[in-house]
Amino acid sequence: MDAHTLAVLEFDKVREALAAFAQTDLGRAAACALAPLGSAASAAAALKETEEMGALLQGGARLVLGALRDGCADLERAREFHRPLEPDELAGIAALVRAAERVTALGGERAAGPHLRRRVAAATLPADLPARIEDTVDARGFVRDAASPKLAALRERARVLRETLREKVAAMLRRPAVARLLQEEQPSMRNDRYVLAVRSECRGRLPGVIHGYSQSGATAYIEPQEIVPEGNELGAAAESVRREETRILLELTRAIMGRAPEIRAARDLVAWADLTHAKGELARVYEFCVPAIAPDHVLAVSRARHPLLVFFHAAGDLRAPDLPAIRAKVMPFDLTLGKDVRLLVVTGPNTGGKTVMLKAVGLLAVMAACGLPIPAAPPARVPYYGRVFVDAGDEQSLQQSLSTFSAHMRHIVRVVNEAARGDLAILDELGAGTDPLEGGALGTVVLEHLRSRGVHTVASTHLGLLKQYAYMHSETANAAMEFDPAALAPTYRVLLGAPGRSCALLVAERLGLRPELIAAAKEAIRNPEPLEIVMRRMEEARRAVEAERRNAQKVRRRLAVLKGALAEKRRDAGAAQGQ
């Protein structure tokens, strides 16, 4: 499926709606990157997984994944920069593998279907890795004391030194000679050293090392000289702790690097599970149907709706839609394509719902190819279309100097050149944007070409030639988008077998066009002058004008000759009189 088709159908908005149901960044990224799968078998398998996940959810099962990070990305960064994994990164890898284990447990439940079981059984997880990581770092991302006996001893020594130093500083603060110099009563830390907040004008009265000033400059942070030796000792102990922590993290990182394929399998399993869980939640919350991939290549949907209109009317919260309100606002349609009819010409008035229906058909095909549930009543059957071609909307381009007609023709040329049996073509307002006679002629040859190639085609038009074409060929049919003349609004019902009226005069009358103009237009419709007669009269008039122009040129040339001759006679007459 090419990017143009997905862009015209606004498939990114379907992705966004799906991503709202994902629990993790991995699932959201998978939803936002969702694209049609590469074969009918893979699409059918994904739909089965979605259906089975939905059944588990309907049965009360839940998959809780929690906040997860991409452990594989952390591994790659550590490898690239030749550094050990940080404690929080290690904790993230452990959480990732634990989440993959919960996915495996869910897929192994008695109620799980065969497709879910096969998917989770195929993953090889590093089952021993989470426990090893959890023995080294805690859930907050700190290295545990028990990570090594040496680390425990070094931390205990640092703790004792820190406590001794804290007591010595507290004793200093109780001295009146020191307390008078202070801006604040409590000690603080600067560069891992205990310092006192001394008023700047008094800094020379407290011997020690200045570690900085406040932003205003009124306070100097001084490490008293008498605690510098203890501070040095504590600093050395803290450095020993850091070195031992780094050694432990490096050793564990090296071990984990060798398990990268298993961690990647865990990551992929979690991303797939979150995506499939989101698909199942989408089906459950919106009561969407999981379609079957039709082996006979027949599309058959009933009470189908445009997915984006459904999401648009979800009242701002995609995860808690008001379904009765949505169903009242978004009208459904029924459609069968590929059994007796492979090519459908849809007609009806402007704002009659033709484009909405056409784009909905394209989106339903793309969603099914992605393994997504669709807004339709069960059972629904959708063929796997190898490619979906869409030409819809006003794609006039100033940058490329293309008129609306030229922009459309550029896409139609591609459809004609590339579409083949097994593909779907969606053509909105085929033949529009140019002379109706030529546009109709072009439209009919395009439709005939697609029909002969076996391409499923849904095309909308106002042109009579295309309506006639649909009557005159096998596997083709007209369909009308029903329009409510009282409300001047579409009903979105697809009426097979008859072309629709454009209702232009009715709409114009309701919008206030003067009655005498409406009457004149109706009279013109009742007594249409054949186009051939009009064109013949125009040609005769053009020829008459051209003949008159040629005659006028001849007269002007004759006059010029006569004027020249007269002037010459006058010159001769003047010369004779002079003699």
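Residues take their numbers from the sequence shown, with the count starting at 1.
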Problem set entry | Closest approach of Ala419 to Arg453 (non-hydrogen atoms, all atoms of both residues) | O-NH2, 3.1 Å

Problem set entry | Check ion pair Arg77-Glu86 (N to O, under 4.0 angstrom) | no

Exercise. Looking at residues at least two apart in the chain, or sitting in another chain, which of them share a ring pair (Phe, Tyr, Trp, His ring centres under 6.0 Å) with His449?
Worked result: none

Problem set entry | Ion pair Arg159/Glu156, N-O distance below 4.0 Å | yes

For this session: Give a yes or no answer on whether the side chain of Arg264 reaches the backbone of Cys72 with a donor-acceptor pair at less than 3.5 Å.
Result: no

Considering only distance and modelled atom types, tabulate donor-acceptor pairs under 3.5 Å from the side chains of residues 91-98, sequence neighbours left out.
from	atom 1	to	atom 2	distance (Å)
Arg98	NE	Glu134	OE2	3.2
Arg98	NH1	Glu101	OE1	3.2
Arg98	NH2	Glu134	OE1	2.9

For this session: Mind listing the closest non-hydrogen atom pair of Thr24 and Gly66 along with its distance?
Result: CG2-O, 3.4 Å

Exercise. Is the shortest distance from a Lys or Arg side-chain nitrogen in Asp423 or Arg387 to a carboxylate oxygen in the other one below 4.0 Å?
Worked result: yes

Exercise. Under the side chain to side chain donor-acceptor pair (under 3.5 Å) test, which residues partner Arg242, sequence neighbours left out?
Worked result: Glu239

Exercise. Is Tyr469 reaching over with its side chain to a backbone N or O of Val445, donor-acceptor style, under 3.5 angstrom?
Worked result: no

Problem set entry | Verdict with supporting geometry, Ile263 and Leu129, side chain to side chain contact (heavy atoms under 4.5 Å, CB included) | CA-CA 9 Å; Ile263 295 171; Leu129 199 56; 3.8 Å; yes

For this session: Please confirm whether the backbone N or O of Ser39 pairs with a side-chain atom of Tyr384, one donor and one acceptor, at under 3.5 Å?
Result: yes

For this session: Only counting residues at least two apart or in another chain, list the ones meeting ring pair (Phe, Tyr, Trp, His ring centres under 6.0 Å) with His456.
Result: His297, Tyr385

Exercise. What residues, two or more places apart in sequence or in another chain, satisfy ring pair (Phe, Tyr, Trp, His ring centres under 6.0 Å) together with His115?
Worked result: none

For this session: Using atom types as modelled and distance alone, determine if a side-chain donor or acceptor of Arg155 lies under 3.5 Å from a backbone N or O of Val241.
Result: no

For this session: Please name the pair of heavy atoms, one in Ala78 and one in Met257, separated by the smallest distance, quoted to 0.1 Å.
Result: CB-CE, 3.9 Å

Problem set entry | Contact check, side chains of Tyr286 and Pro375, non-hydrogen atoms, under 4.5 Å | no

Problem set entry | Nearest heavy atoms of Pro307 and Leu364, plus distance in Å | CG-CD2, 4.3 Å

Exercise. Between Asp274 and Gln23, is there a donor-acceptor pair closer than 3.5 Å when you use the side chain of the first and the backbone of the second?
Worked result: yes

Exercise. Just by distance, do the side chain of Arg83 and the backbone of Leu250 share a donor-acceptor pair under 3.5 Å?
Worked result: no

For this session: Start with the C-alpha gap between Lys48 and Glu51, add the side-chain angles, then the distance that decides, and say whether side chain to side chain contact (heavy atoms under 4.5 Å, CB included) holds.
Result: CA-CA 5 Å; Lys48 283 295 185 181; Glu51 185 177 35; 3.6 Å; yes

For this session: Check the side chains of Asp428 and Ser460 for a donor-acceptor pair under 3.5 angstrom, ignoring hydrogens and angles.
Result: yes

For this session: Test Leu372 against Thr50 for side chain to side chain contact (heavy atoms under 4.5 Å, CB included), laying out the working first.
Result: CA-CA 7 Å; Leu372 281 170; Thr50 300; over 6 Å; no

Seminar exercise, completed: side-chain contact (heavy atoms from CB on, under 4.5 Å) filter on Ala271, not counting sequence neighbours, yields Leu26

Exercise. Less than 4.5 Å apart, any side-chain heavy atom of Phe389 and any of Thr457?
Worked result: no

For this session: For Arg117 and Ala112, indicate whether the former's side chain and the latter's backbone hold a donor-acceptor pair under 3.5 Å.
Result: yes

For this session: Please check if the side chain of Arg305 supplies one atom and the backbone of Val330 the other of a donor-acceptor pair under 3.5 Å.
Result: yes

For this session: Run through Asp268, Thr276, Leu275, Val270 and flag the one making a side chain to side chain contact (heavy atoms under 4.5 Å, CB included) with Trp272.
Result: Thr276

Exercise. Does the Asp391 side chain pair with the main chain of Ile412, one donor and one acceptor, at a distance under 3.5 Å?
Worked result: no

Exercise. Is Lys359 close to His306 at the side-chain level, that is, under 4.5 Å between some pair of heavy atoms?
Worked result: yes

For this session: Using a strict cut-off of less than 4.0 Å between a Lys/Arg side-chain nitrogen and an Asp/Glu carboxylate oxygen, indicate whether Asp25 and Arg28 qualify as a salt bridge.
Result: yes

Exercise. Does a salt bridge link Glu448 with Arg451, judged by any charged N lying under 4.0 Å from a carboxylate O?
Worked result: yes

For this session: Of all the heavy-atom pairs spanning Ala477 and Val341, show the shortest one and how long it is.
Result: CB-CG2, 3.7 Å

Exercise. With a 4.5 Å heavy-atom cut-off, do Leu424 and Leu337 have their side chains touching?
Worked result: yes

Exercise. Considering all heavy atoms of both residues, which atom of Cys289 and which atom of Pro291 are nearest to each other, and what is their separation?
Worked result: O-CD, 3.3 Å

Problem set entry | SB check Arg119 Glu52 (cutoff 4.0 Å) | no

Problem set entry | Sidechain N-carboxylate O distance under 4.0 Å for Asp70, Arg267 | yes

For this session: Begin with the C-alpha distance, continue with both residues' side-chain angles, and end with the deciding distance and a verdict on side chain to side chain contact (heavy atoms under 4.5 Å, CB included) for Glu89 and Thr253.
Result: CA-CA 10 Å; Glu89 293 172 335; Thr253 297; over 6 Å; no

